[in-house]
2 protein chains.
Amino acid sequence: MSTLSEVAARAGVTSATVSNVLRNRGRVGEQTRQRVLEAVAALAYRPHLAARALAEGRAPTIALMVSSIANPFYPEFALAVERAARTSGHFVIVCNTNQDPLAGRAYLEQIAGTLSEGVLVMNANLDFADLHQTEARGTPVVLCMWERPNDPPGLPCVAVDFRRAGELAAQHLLERGHRRIGAIVGSKRSGIHAARYEGFVDALRAAGVKLPRTCVRYAPDTIEGGYAAARELLDLHRDTTAIFATNDLPALGSIHAAFDLGRNVPDDLSVIGITDIQLARQSRPPLTTVAVPTVEAAEMAVSLLRELIERPPDTRHTARHTAREQPRVCVASEPRLIVRGSTGTPRRKRG
Amino acid sequence: MSTLSEVAARAGVTSATVSNVLRNRGRVGEQTRQRVLEAVAALAYRPHLAARALAEGRAPTIALMVSSIANPFYPEFALAVERAARTSGHFVIVCNTNQDPLAGRAYLEQIAGTLSEGVLVMNANLDFADLHQTEARGTPVVLCMWERPNDPPGLPCVAVDFRRAGELAAQHLLERGHRRIGAIVGSKRSGIHAARYEGFVDALRAAGVKLPRTCVRYAPDTIEGGYAAARELLDLHRDTTAIFATNDLPALGSIHAAFDLGRNVPDDLSVIGITDIQLARQSRPPLTTVAVPTVEAAEMAVSLLRELIERPPDTRHTARHTAREQPRVCVASEPRLIVRGSTGTPRRKRG
DNA sequence: ATGAAAGCGCTAACAT
DNA sequence: ATGTTAGCGCTTTCAT
């Protein structure tokens, strides 16, 4: 790996000049520019990113904190993040917290501000105190999928109206004529799916449809979790005609459960999820779901993060302290109902 | 972000001493050590990774080149890579080449040796010349999933015997009594699935079973690709009793195709894939497949890469040039047949 | 046991 | 238009 000054020597100039031609800064004579370019080519020179980072006081990477790379929602999102980051000149360091706040903290402490100049947080189950601290130390943080646009988290974020997603799911089921409905809610503990569930329940209530306690199950956010929950639900309430799950994976699991119980989807049972992961359109039957703007959210998040990075640090702070101005929240476009093959009209009761 | 010398000032020592304390180098008096540690804590000091990298002449990151983050095989692999890298003190920069060798080259040129001290290549459809060049420039490269252990690629790699995987698939189908078999091979062009296919065909041949040309379809490595290919296959050869796909996704697609054609799996058609992705056990019916040691391969790859990084550069080179010693290839353990619900015995011909 | 000093490869004033 | 000069924050000889 050749260095700037090697290039400079070969071109008979000083490294400052080489730096200038490489970044189109300062005025450089046309012929020296040529000589420099030749030398760069001859030596196959590539700038040393770590050195540049040090000199510039910034870093060419951002950190993407995720709780689990295995979530099927992750790939599309991460892909969009990577693309967007690339156009803003950043590389992406993937930080898997594995649901463990301590792992998350360890990552933050190590790379925030020293290797990455910004942090994207995607459902990573992190300690907010840790995030505030890294912010306070000067490294911008953006939450990627805040679920309640009207209830800002106190950190910059891009928000998606998941409450609305729940509503849309309920309305669809209601329109199809369903009245005896079950709900499967992503793990209670984190409460991260609360908004989805609220939207769903409220829409039901507005239509005068009740959702008894016993028709609600909390389950891990997986196919297996949905499977188990749906079986319980369907065992307990054999007359259930539709199941709503706060995420696609459990919805898919519900479909499996229905089939194992000898019930056909959508004829004997309708199932609807939220998110619209790739798998939703590839399963049998294809899953009706409420699509969430994944790619858009990713792009907004990167864009917001870059904005924060660019903004001089004092502005970042004052904006928060002096004015009672809250951290920015960018609201992504609304969820959209995608009707596929897993929902239909309830069968008439057998004579 | 406080710096080393700020810590030093507060502790009344010089930055060299702080450095020594922090990395347990050199002899430091017990009381100064204490004072230093206090100062570190008080100032919440964190080493600046970019600065350290520059001073040490090494980098704390490795690059993971992948062709598509969206491949469902990716998450498990990437997760394992991340874990392993972390234990060796490295962060992972995910580089999505999106199947484009030029994108791959751009990544390599930018970060290899300047931000990352090693490169992991996972089915990234990269130009081998580019890889050799980054190697020549002093940045170790490891191929993560070489498919033919006996036909080394000329680069360090971890190899998995995919030929054997194909054999195992064939043997299973044969044992179950299948004779009229169709094959779906991942995109012909790249030829990356050639070994799997060869193993399969050879095992068939050894058993005296022919696989006519028209029973082989080349298809994109997706559910949809497998679906289309399977429909063609089953339309053309209505008496086919089993389908082998060189990957799980197309195998899953084949199952869908069968159902749409009114054929039950496994009763009317058996389907087998290769890899054992998560989805394989979550689909209906669960997919019989030949499992490949994903996690093990990831760990071996990181381990090999680290070894290469640690080894002094001259050794890296001479080993190749003087001795006719080939770059190392680590062979991961053998693929294993996982029998699930998508394969059975062929139905007796209807009277 | 600790300090002084040079340097990693680059950028960014400021001179000339 | 180009060169000089400091650093960026850290590690690492080599002195003391």
Side-chain angles (χ1 to χ4, degrees), chain A residues 1-37 39-40 43-60 89 110-117 137-139 313, chain B residues 1-37 39-40 43-60 89 110-117 137-139 313:
Chain A
M1 302 280 320
S2 41
T3 74
L4 244 206
S5 58
E6 286 172 19
V7 173
R10 189 178 226 270
V13 295
T14 184
S15 56
T17 304
V18 178
S19 178
N20 279 335
V21 347
L22 255 28
R23 15 193 32 241
N24 290 319
R25 289 286 243 290
R27 306 137 295 265
V28 194
E30 187 49 33
Q31 39 182 2
T32 42
R33 143 178 252 93
Q34 286 309 328
R35 264 185 301 134
V36 168
L37 259 19
V40 165
L43 270 48
Y45 169 79
R46 306 276 175 261
H48 192 293
L49 264 28
R52 179 176 283 181
L54 184 57
E56 282 182 328
R58 51 200 318 268
Q110 285 190 79
I111 69 179
T114 76
L115 193 59
S116 294
E117 61 177 354
R137 284 208 189 129
T139 306
Chain B
M1 301 283 318
S2 42
T3 73
L4 245 206
S5 59
E6 286 172 18
V7 174
R10 189 178 226 270
V13 295
T14 184
S15 55
T17 304
V18 179
S19 179
N20 280 334
V21 169
L22 257 27
R23 13 195 36 241
N24 290 318
R25 291 286 242 288
R27 305 137 298 264
V28 194
E30 187 48 36
Q31 38 183 2
T32 43
R33 143 177 253 91
Q34 286 309 327
R35 265 184 301 134
V36 167
L37 258 20
V40 164
L43 294 166
Y45 169 79
R46 306 277 175 263
H48 191 293
L49 264 27
R52 178 176 283 182
L54 184 57
E56 283 182 329
R58 53 200 317 271
Q110 285 190 80
I111 68 179
T114 76
L115 194 57
S116 295
E117 61 177 354
R137 285 208 188 129
T139 306

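Letters A, B, ... are given to chains in the order of the sequence lines, protein chains preceding strands, and every chain is numbered from 1.
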Point to revise | Whichever of B:T32 and A:L54 has its nearest DNA chain C nucleotide further upstream toward 5' | key: B:T32
Exercise for review: Give the angle between the helix axes at the two ends of the helix from C:dA1-D:dT16 to C:dT16-D:dA1, taking five base pairs at each end and rounding to 10°.
Suggested key: 40°
Practice item. Quick one: pull up CD in B:E117 and CD1 in B:I111 and give me the separation to the nearest 0.5 Å. Key: 12.0 Å
Review point. Would you say B:R137's side chain and A:M1's backbone share a donor-acceptor pair under 3.5 angstrom?
Key: no
**Study point:** A:L115 vs B:R52 side-chain heavy atoms within contact, under 4.5 Å
**Key:** no
Point to revise | Partner set under salt bridge (Lys or Arg N to Asp or Glu O under 4.0 Å) for A:R46, not counting sequence neighbours | key: B:E109
**Study point:** Step-by-step side chain to side chain contact (heavy atoms under 4.5 Å, CB included) determination, B:L22 to B:Y45
**Key:** CA-CA 11 Å; B:L22 257 27; B:Y45 169 79; 3.5 Å; yes
Review point. Roughly how far, to the nearest 0.5 Å, is the CG atom of A:L4 from the NE2 atom of A:H48?
Key: 11.5 Å
Practice item. Show your working on side chain to side chain contact (heavy atoms under 4.5 Å, CB included) between A:S116 and A:T139 and close with a plain yes or no. Key: CA-CA 8 Å; A:S116 294; A:T139 306; 6.0 Å; no
Practice item. Describe the nucleic acid contact of B:T3 in one word from base, sugar-phosphate, nothing, applying a heavy-atom distance below 4.0 Å. Key: sugar-phosphate
**Study point:** Base versus backbone protein contacts along nucleotides 11-16 of chain C [heavy-atom cut-off under 4.0 Å; B, S, -]
**Key:** BB----
Revision key, fill the gap. Here the distance between atom C1' of C:dT2 and atom CZ of B:R35, to the nearest Å, is 11 Å
Point to revise | Covered region of DNA chain D, 5' end to 3' end, by chain B [heavy atoms, under 4.0 Å] | key: D:dG9 to D:dT12
Check your understanding: Which part of the nucleic acid does B:G57 contact within heavy-atom distance under 4.0 Å: base, sugar-phosphate only, or nothing?
Key -> nothing
Review point. Can you pull the side-chain hydrogen bond (donor to acceptor under 3.5 Å, both in side chains) pairs that have at least one residue in residues 4-18 of chain B, sequence neighbours excluded?
Key: B:T3-B:S5
Review point. Rounded to the nearest 0.5 Å, what separation is found between the CG atom of A:L37 and the OG1 atom of A:T32?
Key: 10.0 Å
Exercise for review: Check salt bridge (Lys or Arg N to Asp or Glu O under 4.0 Å) between A:R23 and all other residues, then give those that pass, not counting sequence neighbours.
Suggested key: A:E56
